[in-house]
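Step one of this worksheet: look at the structure below.
These numbers come from the heavy atoms of this one structure, side chains and all, not from hydrogens, waters or symmetry mates.
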Amino acid sequence: IMLLTDPEVESSLLISSDEGATYQKYRLNFYIHSLLFHPKQEDWILAYSQDQKLFSSVEFGRRWLLLHEGVTPNRFYWRVGRICTQDLKCIFSVLFLSDAQYITCKMQNCSEATRSKPFPGYIDHNSLIVQGDYVFVQLTSGGRPHYYVSYRRSPFAQMKLPKYSLPKDMHVISTDENQVFAAVQEWNQNDTYNLYISDTRGVYFTLALENVKSSQGLEGNVMIDLYEVAGIKGMFLANKKIDNQVKTFITYNKGRDWSLLQAPHTDLRGNPIHCLLPYCSLHLHLKVSDNPYTSGNIASRDTAPSIIVASGMKPFKIALFDVQTWTNSGVCGGCWIFEEEHSVLYLDQGGVLVAMKHTSLPIRHLWLSFDEGRSWSKYSFTSLPLFVDGVLGEPGEETLIMTVFGHFSHRSEWQLVKVDYKSIFDRRCEEEDYRPWQLHSQGEACIMGAKRIYRKRKSEKKCMQGKYAGAMTSEPCVCTEADFDCDYGYERHSNGQCLPAFWYNPSSLSKDCSLGQSYLNSTGYRKVVSNNCTDGVRERYTAKPQQCPGKPPQGLRILTADGRLTAQQGLNVTFLVQLEEGDLQRSLIQVDFGDGIAVSYANLSSTEDGIKHIYQNVGIFRVTVLVENSLGSDSAVLYLHVTWPLLRSITFTFSVEGMNTITVQVSAGNTILQDTKTIAVYEKFQSLRLSFSPNLDDYNPDIPEWRRDISRVVKRALVEATGISSKHVLVAVLPGLPTSAELFILPYQDATGEKKRTAANLEQISETLIQKLNQNLVHFELKPGVRILVHAAHLTAAPLVDLTPSHSGSAMLMLLSVVFVGLAVFVIYKFKSFATENLLTLPSPSLPCDEREGNNFRLFLSPSCST
């Protein structure tokens with residue numbers, strides 16, 4: 001037994017080794033703020049002091065060792081799983097957060113030399129979370145939080161949510177059974193969260209349920225309306241917000257399928273309740289009590305898997321709500337038990353339920369049920385009415401002893417009433433007192449890939465159960481489609497199929513794969529974690545090993561290790577080369593540093609630690625990288641400033657039609673940005689403004705990546721609806737709301753390769769597109785259940801392209817997309833016999849400048865004016 005003295009008097013521990021008969025005092029040279037006991041070694045303790053120091057003890061507090069100073073409150077953990085040797089040289093470790101760094105060290109030696117930092121660099125304050133086999137950290141970059149996970153202390157990997165979830169907040173709900181259940185508040189949510197479930201490593205997440213209600217606790221903490229039912233693997237309850245209403249949903253397979261709760265068919269008086277799904281359903285309160293002496297709104301136990309007791313509302317069509325207590329058990333299958341809220345205590349493995357009314361008035365009675373809530377008997381537990389403050393059962397649900405504590409009046413001292421129910425039973429239960437009970441979901445006996453049959457006491461038998469026996473049998477089921485969830489990047493559609501989301505490219509799975517190796521090629525499905533089904537469709541839905549395809553290099557990038565575009569003369573600069581697709585192991589890499597020095601590498605893995613170079617002179621250096629293999633090549637450019645930015649102008653004339661790649665670099669003071677974009681230059685073209693169904697605005701985060709992906713989806717929908725070649729269509733979604741896009745119709749090219757430059761050809765394509773658009777034949781599915789129509793919009797006050805006869809002559813289209821602050825800009829101007837002046841507006845840290853002379857495009861780069 002350990003007692004802590006009052007810190008205002010002294011800092012000491014009182015320790016007893018004889019069950020409290022005697023105590024020995026141990027003085028401390030620090031003041032304890034909190035203690036953390038080791039989950040397996042009862043004498044091992046971590047102590048956190050009031051001055052943010054972390055101490056450890058392996059002698060139950062008799063001696064202490066200082067581990068570290070400046071530790072973040074409540075961000076220290078035991079690393080469980082190591083074993084001590086026979087000479088007691090234990091290698092257990094401690095994990096903690098200090099100075100925004102995740103640190104681990106041995107518990108008996110936490111010197112600077114033995115400390116390690118598993119996550120490279122700094123993390124957000126207070127973001128270190130350790131649950132089971134998982135370690136989570138958060139790092140905010142560019143105004144967005146990024147989440148990383150380490151499974152079983154492996155290297156950290158970034159957690160992959162759907163591309164446009166763009167989370168504002170994340171809470172880890174559960175890490176049971178080698179899987180992460182997380183609640184994520186996305187960019188367009190305020191009082192709701194989406195539930196996501198991961199693979200075993202906790203890296204790839206798929207959506208389980210949208211718009212789960214949340215609220216704030218008394219201390220400002222976020223409360224998610226989600227409840228994990230004890231004793232039944234994979235069973236959760238959640239309150240989902242739908243059109244300003246909150247409805248309770250249940251899942252039996254860990255979020256793969258959700259359904260509404262059927263309300264009881266009769267009320268407490270036996271009157272019928274007309275409540276038909278899906279128009280009417282049972283709503284439950286899912287708040288778990290923070291007070292260990294009260295049961296909260298919902299309760300279940302591992303030792304009583306068939307019983308859930310909860311407070312709920314019984315909906316009527318006249319919008320009248322009665323708060324009642326409801327039980328879902330094998331006996332009544334969902335029935336009301338009280339008209340007012342009660343605290344319910346489980347005794348004898350749920351064989352005895354004790355209910356006590358929630359009230360501010362004194363009471364003297366409680367209710368007992370021996371048949372899982374079907375019938376209740378009233379008992380008196382005190383001779384005088386008692387203001388009840390809490391109810392506590394002795395450890396273990398097989399106990400039949402409970403303690404009620406409260407006070408007789410507001411001025412009296414606490415009273416403790418011990419209630420022992422053993423005398424009610426005259427014998428222990430025998431085998432013939434039990435019956436089999438099988439868990440099922442809407443008539444389906446296979447849940448999480450197995451049929452589980454439990455042993456339950458017969459309702460007419462009044463005997464004491466004792467120790468929990470668990471399930472009688474567990475038989476695996478044959479795998480069906482219901483045992484598989486959609487894999488990362490896939491979404492389940494109304495026909496039950498898992499299809500790629502609009503933002504996901506399934507071929508990206510093989511991007512880190514080299515020729516001769518193999519990778520797991522997803523079928524679009526993955527088995528629900530902890531599902532025990534066998535055979536059946538398992539082979540069809542399981543990811544298949546596949547030989548890595550040979551691919552030409554694509555998506556090449558070069559950047560500096562610190563992300564900056566400036567460097568100091570005479571110091572090392574580390575360049576990083578990244579490639580989205582291509583055979584990494586069989587690609588030749590050539591890097592030209594722009595100062596007369598170039599290097600070559602046999603494969604990309606040789607550059608994993610970066611390419612280091614020292615510049616001896618100052619200036620702006622053009623760093624180029626070329627990656628090539630037998631199937632193709634790709635190149636990238638970076639401009640590095642080895643001195644302060646220079647004032648200079650760049651003039652360039654586009655002389656031929658086609659696609660042109662340009663790199664633009666912006667400097668303003670010490671800030672330098674760079675981006676590479678493709679410009680389409682054509683002599684003749686037409687354009688049309690597009691609009692969309694209003695519901696698209698609900699999913700528009702107004703960021704460049706989303707606009708690019710939607711542009712690609714709209715282009716594909718136009719091509720499918722009209723049969724026009726994709727080479728003749730460019731679609732660019734514009735910034736802002738409501739969502740709109742510009743459709744550019746490029747010169748028609750026939751099979752012989754000859755271009756028909758007449759306006760009639762472009763007009764014919766334009767009429768075909770407008771006809772399909774007006775017939776509502778151009779549409780796409782943004783996500784399951786969200787269908788978007790594409791329309792031809794009305795003429796705008798300032799159209800991007802003026803096709804009126806007054807502007808005769810050839811036209812030049814230049815699409816320039818600059819993403820420095822997330823805005824896409826389209827520049828269209830015409831060549832005439834006289835010089836024209838046009839204003840080009842580009843986003844920048846300061847006021848933009850632009851000069852156009854004839855068909856020359858000039859960019860000025862200076863500290864005061866950046867473009």
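- In this structure, Y525 and Y541 have tilted ring planes: the angle between them lies in the 30° to 60° band.
- Taking the six-membered ring where the residue is Trp, Y454 and W437 present tilted rings, their angle falling between 30° and 60°.
- When ring centroids are compared, Y151 and Y134 come within the 6.0 Å threshold.
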Give the C-alpha distance, both sets of side-chain angles, the deciding distance and a yes or no for side chain to side chain contact (heavy atoms under 4.5 Å, CB included) between V528 and M448. CA-CA 8 Å; V528 176; M448 293 293 285; 4.0 Å; yes
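- Counting non-hydrogen atoms of neighbouring residues, nucleotides and ligands closer than 6.0 angstrom, the NZ atom of K451 reaches no more than 12 such neighbours.
- Each of F181, Y193, F136, Y196 was compared with H171 under the ring-ring contact (aromatic ring centres under 6.0 Å, His included) criterion, and only Y193 meets it.
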S343 and H358: CA distance, side-chain angles, deciding distance, side chain to side chain contact (heavy atoms under 4.5 Å, CB included) verdict: CA-CA 6 Å; S343 291; H358 277 179; 2.5 Å; yes
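- Atom CD in E481 sits 9.5 Å away from atom CD in Q497 (nearest 0.5 Å).
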CA sep, side-chain torsions, deciding dist, call: Y490, Y504, ring pair (Phe, Tyr, Trp, His ring centres under 6.0 Å): CA-CA 8 Å; Y490 291 81; Y504 183 66; 5.7 Å; yes
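- Crowding of H146 atom NE2: a count of heavy atoms from other residues, nucleotides or ligands under 6.0 Å exceeding 12.
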In sequence, state the C-alpha distance, the side-chain angles, and the governing distance for Q179 and D199, and then conclude on side chain to side chain contact (heavy atoms under 4.5 Å, CB included). CA-CA 6 Å; Q179 191 172 37; D199 59 351; over 6 Å; no
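- Residues W706 and F502 are in side-chain contact: their nearest non-hydrogen atoms beyond the backbone lie under 4.5 Å apart.
- Closest non-hydrogen pair, K254 versus S530, comes out as NZ-OG, 4.5 Å.
- Between K233 and E228, none of the side-chain N atoms (NZ, or NE/NH1/NH2) sits under 4.0 Å from a carboxylate O, so this pair counts as no salt bridge.
- Taking both residues in full, the closest heavy atoms of R374 and D371 are given as N-OD1, 3.2 Å, listed atom of the first, atom of the second, then distance.
- Remark: K240 is positioned above the aromatic ring of F249, its terminal NZ or CZ atom under 6.0 angstrom from the ring centre and at most 45 degrees off the axis.
- Of the candidates E210, H493, E491, E210 is the only one forming a side-chain hydrogen bond (donor to acceptor under 3.5 Å, both in side chains) with K783.
- Residue Y122 qualifies as open at atom OH: its count of foreign heavy atoms under 6.0 Å is 12 or below.
- Checked for salt-bridge contact, D191 and K241 meet the test: a charged N lies under 4.0 Å from a carboxylate O.
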Report the C-alpha distance between W78 and F37 in whole Å, list the side-chain angles of each, state the deciding distance to 0.1 Å, and finish with yes or no for ring pair (Phe, Tyr, Trp, His ring centres under 6.0 Å). CA-CA 8 Å; W78 286 105; F37 287 83; 9.6 Å; no
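- Note: L284 CG to L261 CG = 5.5 Å, rounded to the nearest 0.5 Å.
- Residues K163 and D709 are paired through a salt bridge, judged by an N-O separation under 4.0 Å between the basic side chain and the carboxylate.
- In terms of heavy atoms, L226 sits closest to W258 at CD1-CH2, 4.3 Å.
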Assess whether ring pair (Phe, Tyr, Trp, His ring centres under 6.0 Å) is satisfied between F96 and F76, documenting all intermediate values. CA-CA 4 Å; F96 56 88; F76 51 92; 8.8 Å; no
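- Closest approach of A230 to D302, counting heavy atoms only: CB-OD1, 3.4 Å.
- Atoms CG and NZ, from D483 and K527 in turn, are 7.5 Å apart once rounded to the nearest 0.5 Å.
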For C477 and C533, what are the C-alpha separation, side-chain angles and deciding distance, and is it a disulfide (SG to SG under 2.5 Å)? CA-CA 5 Å; C477 298; C533 74; over 6 Å; no
Verify side chain to side chain contact (heavy atoms under 4.5 Å, CB included) between L782 and Y699, making sure each step is shown before the conclusion. CA-CA 9 Å; L782 184 71; Y699 302 93; 3.5 Å; yes
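- A salt bridge links D133 to R152: one of the charged nitrogens lies within less than 4.0 Å of a carboxylate oxygen.
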